[in-house]
Asks: 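Please see the structure below; I have some questions.
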Amino acid sequence: MVGHGGREAALATSMAESSVVHAVMGHANPTITALVEAGGGSFTIGDVCDGPAIARFAVEHAVDLAMVSSDDPLAAGVVDELRAAGVAAVGPTRAGAEIEWNKRFCRQVVAQVASEANPVFAVAETIDQVDRAIAEVADGGSPVVVKPVGLAGGKGVKVVGPHLADNAEAARYAREVIGSGRHGGAVIIEERITAPEVTIQAMTDGRTVVFPPATYDYPYRFDGDTGPGTGGMGSCTMPGGLLPFVDRADYDQACAIVQAVIDYLADVGRPFSGCMNAGFFATADGLRVIECNARFGDPEGINIMGLLRGDWVSVMEAMVARRLTAADVPLADEASVVTYLVAPEYALGTSAGHRFTVDVEAARAVGAGVLFSSAVAVNPASSAVSGTSGSPASSAVPGTSAVSSNSAVRSTCTGGAAHDGAATSTGVAVHEGAANYEGAGASPRAATPGPAASARAATPGPGTYETVGTSRAVAITAVASRIEDARATVAEAIAKSVTGDLQWRSDIGIVPGKAGSSGQPSNSRPTGGPVRRASSK
């Protein structure tokens with residue numbers, strides 16, 4: 001297990017059903033540590049991008065099967081290191097993962113296999129090239145999008161309109177990215193597309209591709225798709241596998257593009273296994289590719305794990321053996337909703353940390369699931385366990401060392417997030433009809449400072465947690481026959497099981513209609529303001 005996000009908690013939960021789980025994490029995710037300890041595995045706190053150290057850990061603990069499903073570890077070549085050490089691993093090599101960590105490469109691949117699905121774009125590698133690139137894309141001064149070519153934790157994309165005042169400000173931002181040398185040291189300038197987004201979480205062994213239901217992501221911070229872009233505030237799927245703005249023809253076209261990308265990578269010697277998480281704009285003129293990611297989305301991957309009705313470790317084995325079939329991945333034909341509860345400062349500023357409580361059993365009693373992400377359990381006898389995403393092992397908290405002695409039970413290792421915010425399409429979409437949402441444009445509540453030092457010194461009770469960094473603390477999930485029911489279950493679980501100063505979007509599960517329609521929501525909206533906080537019991 002390499003990672004500590006909500007996506008990794010969902011993957012680990014599925015793996016633990018049929019295997020012993022071991023873990024390398026940047027901080028002690030409470031969901032994952034509980035799974036590890038219950039199964040007799042082991043975990044350590046370290047750098048999730050340190051391939052050689054992760055490979056040594058896997059060998060020392062007799063790990064049979066690994067899965068790497070986060071952007072930074074994939075870009076760092078963790079899969080390559082595991083395989084070189086003789087550990088079977090699901091996930092693309094660094095070369096295959098370039099489809100995500102190099103947006104210029106992604107655009108080149110899409111141009112080869114489905115050029116009509118590429119937006120208008122231009123690349124600027126130097127500060128002097130920025131104005132030319134914007135002029136090529138901005139026909140008559142139309143607004144643009146600026147994307148760093150490299151990884152930026154899902155928060156590097158900025159759009160004229162919601163994030164940037166005009167193309168002149170876009171040019172300044174592009175020069176800033178290039179001048180900093182970070183995130184690949186270059187930018188892609190793209191036309192701004194106003195349309196809903198759809199994500200396909202395609203699972204593959206490098207040849208066969210299994211396509212689950214389409215997922216809908218909520219990348220903006222506040223209700224009605226207002227506020228800054230984030231790593232994803234939540235996501236949903238609907239029965240039948242489609243969305244109100246995605247018909248069967250759209251879905252089939254998206255799947256065909258993903259299949260073509262995977263086939264192309266195999267043809268050029270970059271075989272891809274694991275999940276290709278591809279984002280699309282569903283425009284009135286057809287689909288446009290937003291990006292292709294080399295791993296499950298977070299939170300979208302949580303939706304798929306919630307719908308899985310088979311053995312995930314068997315799916316992983318089929319991927320490694322290149323014998324995957326659709327029958328290996330049985331998925332419930334139901335709706336799923338994932339809602340992240342976040343630190344008040346998430347995507348707005350820094351945080352000193354917040355204490356909160358979750359009654360996991362109370363959430364389960366109403367039919368919801370709880371998956372921790374950027375949070376740690378607080379030890380009733382001491383202070384909170386601390387750690388930061390991707391922190392080096394030398395400065396991190398040591399993990400447990402209990403190793404299962406049952407060699408007949410399979411061991412798994414799953415890849416994880418090096419930081420929060422790896423979801424697709426962050427900050428890209430300007431959703432049609434966003435202004436029609438109740439509460440759109442409302443001001444966020446003022447960020448609340450973290451607990452005082454005296455509060456930190458107090459001995460907390462059981463079920464108490466603390467946020468790690470300024471990020472997404474915990475995901476509440478539900479699956480039901482109707483999306484309205486899944487949304488209601490999530491809302492009830494939050495009300496009955498969570499206390500503390502966390503915030504979330506109350507409109508997750510409300511999905512816009514077809515591009516070109518009124519843009520009105522497809523189901524009723526709950527009561528409450530644009531930003532809700534977990535209230536005290």
Side-chain angles (χ1 to χ4, degrees), residues 117 193-203 210-220 223-225 232-258 275-293 296-307 331-339 423-426 428-434 436-437 477-488 490 505 507-526:
I193 297 175
T194 303
E197 298 179 31
V198 58
T199 304
I200 305 294
Q201 307 279 304
M203 291 164 279
V210 177
F211 296 101
T215 51
Y216 181 71
D217 175 40
Y218 298 77
Y220 290 105
D223 279 22
D225 290 325
M233 294 295 291
S235 54
C236 66
T237 67
M238 300 183 71
L242 304 179
L243 296 165
F245 59 88
V246 174
D247 58 24
R248 179 58 58 181
D250 293 328
Y251 177 84
D252 290 345
Q253 181 189 3
C255 294
I257 292 172
V258 174
C275 176
M276 181 168 288
N277 160 21
F280 298 87
F281 286 121
T283 78
D285 298 323
L287 296 180
R288 298 292 183 273
V289 174
I290 301 170
E291 59 192 353
C292 292
N293 295 311
F296 279 109
D298 189 349
E300 300 97 325
I302 300 174
N303 295 101
I304 305 308
M305 288 297 105
L307 296 171
L331 299 168
D333 186 19
E334 295 184 278
S336 66
V337 170
V338 177
T339 296
T424 62
S425 313
T426 298
V428 180
V430 182
H431 291 288
E432 184 162 326
N436 294 321
Y437 284 96
T477 73
V479 174
S481 59
R482 302 189 316 146
I483 196 165
E484 294 87 351
D485 296 332
R487 290 183 60 245
V490 167
R505 283 184 59 159
D507 61 351
I508 293 169
I510 296 176
V511 185
K514 184 74 175 177
S517 70
S518 66
Q520 293 294 332
S522 61
N523 50 34
S524 61
R525 191 186 190 287

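All heavy atoms count here, side chains included; hydrogens, waters and symmetry mates do not.
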Asks: Can you find a heavy atom in the side chain of Pro213 that is under 4.5 Å from one in the side chain of Met238?
Replies: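 Answer no - side chains too far apart.
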Asks: Could you measure the distance from the CE atom of Met233 to the OG1 atom of Thr339? Nearest 0.5 Å is fine.
Replies: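 Atom-to-atom, Met233:CE and Thr339:OG1 are 9.0 Å apart.
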Asks: Quick one: does Ile200's side chain get under 4.5 Å of Phe280's, heavy atoms only?
Replies: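 Counting from C-beta outward, Ile200 and Phe280 do come under 4.5 Å.
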Asks: Provide the closest heavy-atom pair for Gly509 versus Ile483 in the form atom of the first, atom of the second, distance.
Replies: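 So the two residues come closest at O-CD1, 3.5 Å.
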Asks: Enter the distance from Met276:CE to Phe296:CZ here, rounded to the nearest 0.5 Å.
Replies: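 One finds 12.5 Å between CE of Met276 and CZ of Phe296.
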Asks: Below 4.5 Å, heavy atoms only, C-beta onward: do Phe245 and Val511 meet side chain to side chain?
Replies: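 Answer yes - side chains close enough.
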Asks: What are the two closest non-hydrogen atoms of Val258 and Ala278, and how far apart are they?
Replies: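 Nearest pair, atom of Val258 first, then Ala278: CG2-CB, 3.6 Å.
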Asks: Pairing donors with acceptors under 3.5 angstrom, does anything connect the side chains of Thr215 and Asn303?
Replies: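 Asn303 and Thr215 do not have a side-chain donor-acceptor pair below 3.5 Å.
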Asks: What verdict does the side chain to side chain contact (heavy atoms under 4.5 Å, CB included) test give for Cys236 and Val338, after you've listed the backbone C-alpha separation in whole Å, the side-chain angles of each residue and the deciding distance to 0.1 Å?
Replies: CA-CA 6 Å; Cys236 66; Val338 177; over 6 Å; no
Asks: Stepwise, does the side chain to side chain contact (heavy atoms under 4.5 Å, CB included) test hold for Glu334 with Thr237?
Replies: CA-CA 8 Å; Glu334 295 184 278; Thr237 67; over 6 Å; no
Asks: Please round to the nearest 0.5 Å and tell me the distance separating atom CD of Glu300 and atom SG of Cys275.
Replies: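 Those atoms lie 9.5 Å apart.
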Asks: Between Ala335 and Pro239, which heavy-atom pair has the shortest distance, and what is it?
Replies: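 In terms of heavy atoms, the two residues are closest at CB-CD, 3.7 Å.
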Asks: Could you give the distance from CG (Asp298) to CG (Asn277), rounded to the nearest 0.5 Å?
Replies: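 If we round to the nearest 0.5 Å, Asp298:CG and Asn277:CG are 10.0 Å apart.
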Asks: Looking at Gly234 and Ile508, what are the two nearest heavy atoms and their distance?
Replies: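 Taking every non-hydrogen atom into account, CA-CD1, 3.6 Å.
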Asks: Are Phe211 and Tyr251 an aromatic pair, judged by ring center distance below 6.0 Å?
Replies: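 Between Phe211 and Tyr251, which both carry aromatic rings, the centre distance is not below 6.0 Å.
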Asks: So do Ile290 and Glu197 actually touch side chain to side chain, heavy atoms under 4.5 Å?
Replies: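 Touching, per the 4.5 Å side-chain cut-off.
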Asks: Before you tell me yes or no, could you show the steps for Asp225 and Arg505 under salt bridge (Lys or Arg N to Asp or Glu O under 4.0 Å), namely the whole-Å CA-CA distance, both residues' side-chain angles and the distance that decides it to 0.1 Å?
Replies: CA-CA 9 Å; Asp225 290 325; Arg505 283 184 59 159; 3.1 Å; yes
Asks: What heavy-atom pair brings Pro212 and Ile304 nearest, and what distance separates the two atoms?
Replies: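 Of all heavy-atom pairs spanning Pro212 and Ile304, the closest is CB-CD1, 3.8 Å.
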Asks: Looking at Val337 and Ala486, what are the two nearest heavy atoms and their distance?
Replies: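 Smallest heavy-atom distance, with atoms named: CG2-CB, 3.7 Å.
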Asks: Nearest 0.5 Å, what's the CG-OH distance between Asp507 and Tyr220?
Replies: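 Output value for this atom pair is 13.5 Å.
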Asks: If you round to the nearest 0.5 Å, how far is CZ of Arg288 from CG of Asp285?
Replies: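 It comes to 6.0 Å.
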Asks: Quick one: does Val198's side chain get under 4.5 Å of Asp250's, heavy atoms only?
Replies: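 Of all side-chain heavy-atom pairs linking Asp250 with Val198, none is under 4.5 Å.
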Asks: I'd like to know if the side chain of Asp333 reaches the main chain of Gly240, judged simply by a donor and an acceptor atom lying under 3.5 Å from each other, with no hydrogens or angles considered.
Replies: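 Flag set: sc Asp333 to bb Gly240 pair under 3.5 Å.
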